Structure formats: structure tokens, C-alpha cells
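Working notes, structure below.
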Amino acid sequence: MTGRIRLADAGTIDGNPATTTTPRTRTVIAGVAGGLAFIVSNVLTFGVLGGSRRGQQGLLFDPDTQHPKVITVWKTLEPLPRIIETPALILAGLLMFGIGYAFLYRSIATAWQRGLHRHSLRLAIIVWLATAFAEFMGPFNVLHEPAPLAALSLGFWAFSALAETYVLVLVTRRY
């Protein structure tokens, strides 16, 4: 064999490599799809389980376990968080982050060992680190969220990061 790399060794799934030659349109579609997965998983975790929606109490907003400062800032102190008051703005931003992660993935995918799980997990770590930093500096640091609830939030963010990156990688590599 010559010094050329076979396409099968370059990290492909079904013959479609996730490389810098991936069409921009597909990259944008993958980012939007990943962003939608991130949004849905956030609704399921923070919204349904966590109780972040108006008039609801959940795992993250139980007055018996949560610091009152978190509940006050999220539920009563005006203006309320933008995700509550103008959700379309924040949801559009999350889609833009998804597109940004798709372009990041497009630029680094060929440097990683091939495999759906390897790529998705590595990209999820990148996404999760951004959310973990925000969680650490915001609710945990500023609002004094108790450590067990901060850990639960980090788990919710990890779930959302995994959902986003698996969808993003699948769309980038298969369609």
C-alpha cells in the first residue's frame, strides 16, 4: 500500500467523512438539529424534572433543599430570566450555539480517532465544559446553590450536551 490513507481509516461512517469538506449547508443543518436536541433535553431535565417553569416546583426549586436566592432570582425577582420572559430569544441563541459547535466539530473531527461514540463524547465534553463553567460561576457561586443541586444541574447539562452532540455528529456524518 502506498502512503495514502484509505477513506475507511479517516473516520467515516457509511462513507461520509466529517471533514472540512463537509458542505456548509449540512454543517448548519447538523448544528440546528443538535441545538434542537439540546433544547428538548433541557426542557425535559430543567423544565420537567427541575421545575424551572413558571408556577412549578421540582428537584431544583424545592424550598426545602434549594437556596432561597436561587428561587427568588429565577421565579420572582423582576425582570425574570430571559428564558422565562422571552424564550424565543434564548432558544434562537441555543440554536446558534449548536451551529457554532457544528462548525467547531467540522474543523476538528478529522484529528480524532474514528467512531460515532468517540466523536460524540469528545464533543460533549467541550459543550459540557461551557455549561459547567456557567453553572459554577452563576447558580453555585453567585446564588449559593447547594452543592448536591449544583451536581444535579451538572448532570442535566451533561445529558443535554450528549443529546446535542450525538445528533450533531450523526447528521454531520450521515446526511
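Since this is a predicted model, take the numbers as computed values, not measurements.
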Applying a strict under-4.5 Å side-chain criterion to I, L, V, M, F, W and Y, I'd like to know whether [X] and [Y] cluster together.
{"X": "V70", "Y": "L80", "value": "yes"}
{"X": "L60", "Y": "V142", "value": "yes"}
{"X": "I39", "Y": "L162", "value": "yes"}
{"X": "L91", "Y": "I99", "value": "yes"}
{"X": "M96", "Y": "F38", "value": "yes"}

Test side-chain contact (heavy atoms from CB on, under 4.5 Å) applied to Y101 and T165, step by step:
CA-CA 8 Å; Y101 286 127; T165 59; over 6 Å; no
Can you name the residues that form a side-chain hydrogen bond (donor to acceptor under 3.5 Å, both in side chains) with Q56, not counting sequence neighbours?
R53
Under the side-chain hydrogen bond (donor to acceptor under 3.5 Å, both in side chains) test, which residues partner R118, sequence neighbours left out?
Q113
Pair V32-V171, side-chain contact (heavy atoms from CB on, under 4.5 Å): steps then yes or no
CA-CA 10 Å; V32 169; V171 172; over 6 Å; no
Name all residues meeting the ring-ring contact (aromatic ring centres under 6.0 Å, His included) criterion together with F46; count only those two or more places apart in sequence or in a different chain, and write none if there are none.
F156, W157
Work out which heavy atom in [X] is nearest to a heavy atom in [Y]; give both atom names and the distance.
{"X": "S153", "Y": "E145", "answer": "OG-OE2, 3.7 Å"}
{"X": "L59", "Y": "T65", "answer": "O-OG1, 4.2 Å"}
{"X": "G34", "Y": "E164", "answer": "O-CG, 3.2 Å"}
{"X": "F159", "Y": "S41", "answer": "CE2-CB, 3.5 Å"}
{"X": "T45", "Y": "S160", "answer": "OG1-OG, 4.1 Å"}

For residues 120-131, dump all side-chain donor-acceptor pairs below 3.5 Å to protein atoms at least two apart in sequence or in another chain.
unit_1 : atom_1 : unit_2 : atom_2 : d
S120   : OG     : L116   : O      : 2.9
W128   : NE1    : L154   : O      : 3.0
T131   : OG1    : W128   : O      : 2.8

Within a strict 4.5 Å, meaning less than it, do heavy atoms of the [X] and [Y] side chains meet?
{"X": "E78", "Y": "E85", "result": "yes"}
{"X": "F103", "Y": "V28", "result": "yes"}
{"X": "R106", "Y": "R26", "result": "no"}

Which residues pass the side chain to side chain contact (heavy atoms under 4.5 Å, CB included) test with P146, not counting sequence neighbours?
Q66, H67, P148, L149
side-chain contact (heavy atoms from CB on, under 4.5 Å), that's the test. Do L49 and L44 meet it? Break it down for me.
CA-CA 7 Å; L49 296 174; L44 294 174; over 6 Å; no
Which ILVMFWY residues can you reach from F133 by hopping between side chains whose heavy atoms are under 4.5 Å apart?
F136, M137, F140
Could you go through the side-chain contact (heavy atoms from CB on, under 4.5 Å) check for T172 and H119 one step at a time?
CA-CA 11 Å; T172 299; H119 282 219; over 6 Å; no
Parallel, tilted or perpendicular: ring planes of W112 versus Y105, cut at 30 and 60 degrees:
tilted
What is the distance from atom CG of L94 to atom CD1 of I83, rounded to the nearest 0.5 Å?
6.0 Å
